[in-house]
Q: 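Below is one structure. I have some questions about it.
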Amino acid sequence: MTLSDSNQPVDFIRAAVLDDSKAGRYPRVHTRFPPEPNGYLHIGHAKAICIDFGIAAEFGGQCNLRFDDTNPVKEEVEYVESIQQDIRWLGFDWEDRLYYASDYFEQLYEYAVRLVTKGKAYVCDLSADEIRRYRGTLTEPGKESPYRNRTLAENLELFARMRAGEFPEGSRTLRAKIDMAAGNINLRDPVMYRIIHAPHHRTGDRWCIYPMYDFAHGQSDSLEGITHSLCSLEYEDHRPLYNWYLDQLEIYHPRQIEFARLNLSYTLLSKRKLLRLVQEGHVTGWDDPRMPTLSGLRRRGYTPEAIRDFCERIGVAKKDSLVDIALLEHCLREDLNRRAPRVMCVLKPLRVVIENYPEGQVEELAAVNNPEDPGAGTRRVPFSRVLYIEQDDFRENPPPKYYRLSPGREVRLRYAYFLQCVDVVKDGQGNVVELRCTYDPTTRGGDAPDGRKVKATIHWVSAAHAVPAEVRLYDRLFVKEDPDEGDEGQDFLAHVNPNSLEVLAGCRGEPGLAGARPGSIYQFERQGYFCVDPDSAKGTLVCNRAVSLKDEWARIEKARRAG
RNA sequence: UGGGGCGUGGCCAAGCGGUAAGGCUCGGGACUUUGGAUCCCGCAUCCGGAGGUUCGAAUCCUCCCGCCCCAGCCA
């Protein structure tokens with residue numbers, strides 16, 4: 001087992017599981033990932049998935065996928081499907097252990113009857129509003145429901161009639177009889193079942209009473225033989241109730257352990273808020289590449305490997321934290337650096353005419369596919385008299401430390417020749433529209449026989465051979481590190497970054513990019529990693545920038561601007 | 001003023017009585033046909049604060065301060 005003989009520090013959950021194993025409290029390790037199918041999975045869920053599936057695997061155990069589908073009005077099959085797809089994409093496998101809390105409705109009902117029979121549960125006729133008022137406040141105890149002491153026979157009969165559909169929605173509940181004065185509000189006679197006359201995506205109209213999370217979760221864990229029920233901090237207050245049900249029922253008792261959920265800077269990880277971004281049109285959908293959803297990240301160009309690595313690096317603890325999104329970006333760069341094939345693509349083209357290059361001549365120059373991976377081989381890229389280079393790679397009046405192209409200066413065209421700018425062509429407004437240049441034929445491939453050096457190497461594309469493309473540049477979704485942090489009552493939408501998307505229409509890529517399949521990821525040399533978007537099916541190639549390359553020059557300029 | 005948690009460098013996070021791991025960020029340098037990658041070097045005399053115990057404390061005790069969660073017939 002990797003954990004016991006390693007000296008690597010382990011987080012408190014692994015330590016607890018290890019301890020339970022050594023002490024023989026649980027004969028094996030069996031966890032579960034229990035999403036409610038009411039939305040798309042995001043990177044915060046990825047953390048939980050990595051913990052649930054990861055720990056099980058490390059201990060040679062198993063992890064179930066169980067949908068917590070106890071609230072039919074919020075849940076949909078669309079979500080159960082997307083959730084499964086995202087978990088598989090992330091790289092985890094629940095094999096044949098796909099379960100639903102709704103699979104246990106009959107058993108749960110039987111458990112409820114058992115509690116009623118023990119005098120530990122009762123049917124309550126209070127309205128939702130009345131229950132709230134009877135519950136008391138954080139500092140004052142609640143008071144007991146007038147229905148708390150119904151007879152066993154009456155409770156049994158009423159509960160059966162609730163199930164039979166004899167009562168209107170919301171008219172009655174089944175409640176646990178615990179302690180209306182408990183400091184922990186979850187223990188003040190919590191609702192176990194409520195009446196909802198709504199069809200369930202799996203059980204149809206077979207039920208009109210549905211168990212609450214607290215009455216379903218622990219028992220589901222128990223039925224599946226879960227050993228460690230890992231969840232987030234907000235359930236800490238529920239653990240006494242989790243334990244209470246299991247103890248009262250006298251059934252197998254798993255151990256619940258809570259950890260802090262993930263918060264990421266400059267974005268949000270709340271299904272409710274993400275839904276608002278979608279519904280109010282701030283993004284194009286759940287899979288908008290700016291979204292922190294797994295489907296959004298996938299479309300953006302994030303890899304499962306990078307996300308898993310990220311989840312490992314952030315650790316597991318109980319401290320509320322706000323993880324720097326730069327770490328996520330770092331993980332992606334690190335993964336893609338060694339895997340993504342390199343290609344040249346000019347985002348903002350500037351036309352270059354090489355005056356001493358023969359008209360009509362085309363050469364095929366060898367380019368390395370991935371310097372980090374010798375096995376990736378080389379490819380041939382066409383070179384000709386008219387090229388496009390990046391507008392940013394030319395400055396008529398170069399500032400200090402700028403060592404790209406400028407009048408009279410020489411640079412290297414990657415994998416091609418040294419190029420010197422001899423003249424600048426402008427339009428009526430004074431904008432540079434074309435560069436007249438010369439090349440040195442003896443520098444083919446990029447090295448000068450006379451040993452002279454150039455300070456910069458820039459990418460280029462042959463105008464006649466280039467493939468047109470649209471490139472979408474993304475920036476952080478919010479301008480505030482913590483969008484939830486309120487300034488005088490404004491909500492998170494006030495902090496949406498209006499410039500989170502920049503569309504570049506006239507890009508030009510090297511010919512090899514033609515026909516690239518959606519989902520494939522390239523490094524556009526000197527710029528970043530780009531993922532072919534499904535929108536490419538509409539005709540022109542569309543690429544999403546997943547993350548930029550680190551950019552020393554941009555840093556210098558930024559520092560300069562800041563003074 | 002109730003209950004439950006948490007406080008280690010800019011952001012995460014080890015550490016569990018013996019004198020502050022690691023990663024990210026940031027700064028500096030080397031190298032470079034991506035100002036990429038890689039490689040060096042630097043970055044907490046101090047662990048929310050104050051007392052106390054001890055030869056010795058981030059680690060034990062006491063008090064204080066701060067932050068988060070809970071009053072859904074949501075999960």
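To find a chain, count down the sequence lines: A is the first, B the second, and so on, and within it residues start at 1.
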Q: Return the CG to CG distance between A:L115 and A:N155, rounded to the nearest 0.5 Å.
A: 11.5 Å

Q: What's the base orientation of B:G66: syn (chi within 90° of 0) or anti?
A: anti

Q: Could you state the CG-P distance from A:L332 to B:G36, rounded to the nearest angstrom?
A: 18 Å

Q: Within the pair A:K319 and B:G5, is there a side-chain N or O less than 4.0 Å away from OP1 or OP2?
A: no

Q: Atom CG of A:D309 to atom P of B:C24: distance rounded to whole Å?
A: 10 Å

Q: Applying a 4.0 Å non-hydrogen cut-off, can you work out what A:Y235 is touching in the nucleic acid: base, sugar-phosphate, or nothing?
A: base

Q: Determine the contact category for A:M344: base if any of its heavy atoms lies under 4.0 Å from a base atom, sugar-phosphate if only primed atoms, P, OP1 or OP2 are that close, otherwise nothing.
A: nothing

Q: Does A:E372 contact B:U38 through a side-chain donor or acceptor facing the base, at a distance under 3.5 Å?
A: no

Q: Give me, pair by pair, the N or O atoms of the protein and of nucleotides 21-23 of chain B that are less than 3.5 Å apart, along with how far apart they are.
A:
unit_1	atom_1	unit_2	atom_2	d
B:G23	O2'	A:R313	NH1	2.8

Q: Could you check whether A:P371 gets within reach of a base, just the sugar-phosphate, or nothing at all, counting any heavy atom under 4.0 Å?
A: base

Q: Which base, if any, makes a Watson-Crick or G-U wobble pair with B:C63, both distances under 3.5 Å?
A: B:G49

Q: Take atom CZ of A:F12 and atom C1' of B:U8, then tell me their distance rounded to the nearest Å.
A: 17 Å

Q: Base, sugar-phosphate alone, or nothing: which one does A:R404 contact when heavy atoms must sit under 4.0 Å apart?
A: base

Q: Taking CG from A:D214 and P from B:C70, how many angstroms apart are they, rounded to a whole number?
A: 14 Å

Q: Under 4.0 angstrom, heavy atoms only, what part of the nucleic acid is A:D237 near: base, sugar-phosphate, or nothing?
A: base

Q: If we check side chain to side chain contact (heavy atoms under 4.5 Å, CB included) with A:M192, which of these qualifies: A:T173, A:L174, A:V116?
A: A:L174

Q: Just checking A:E236: base, sugar-phosphate only, or nothing, at a heavy-atom cut-off of under 4.0 Å?
A: sugar-phosphate

Q: Can you label the angle between the A:Y417 ring and the A:Y439 ring as parallel, tilted or perpendicular, going by 30° and 60°?
A: perpendicular

Q: Taking 4.0 angstrom as the limit, do A:R526 and A:D393 come out as a salt bridge?
A: yes

Q: With a 4.0 Å cut-off on heavy atoms, is A:S265 in touch with a base, just the backbone sugar-phosphate, or nothing at all?
A: nothing

Q: Base, sugar-phosphate, or nothing for A:H238, non-hydrogen atoms under 4.0 angstrom?
A: base

Q: Any protein N or O atoms within reach of nucleotides 65-68 of chain B? Criterion: under 3.5 Å, listing atom names and distances.
A:
unit_1	atom_1	unit_2	atom_2	d
B:C68	O2'	A:D320	OD2	3.3

Q: B:G4 base to A:N184 side chain: any donor-acceptor pair below 3.5 Å?
A: no

Q: Rounded to whole Å, please give me the gap between NE2 in A:H217 and P in B:A75.
A: 12 Å

Q: Classify the ring geometry of A:W460 against A:F383: parallel below 30°, tilted from 30° to 60°, perpendicular beyond 60°.
A: perpendicular

Q: Give A:S321 one of three labels, base, sugar-phosphate or nothing, depending on what nucleic acid heavy atoms sit under 4.0 Å from its own.
A: sugar-phosphate

Q: Look at A:R135 and B:G72 and indicate whether a side-chain polar atom (N or O) is within less than 4.0 Å of OP1 or OP2.
A: yes

Q: Any base atoms under 4.0 Å from A:T457, or only sugar-phosphate, or nothing? Heavy atoms, all strands.
A: sugar-phosphate

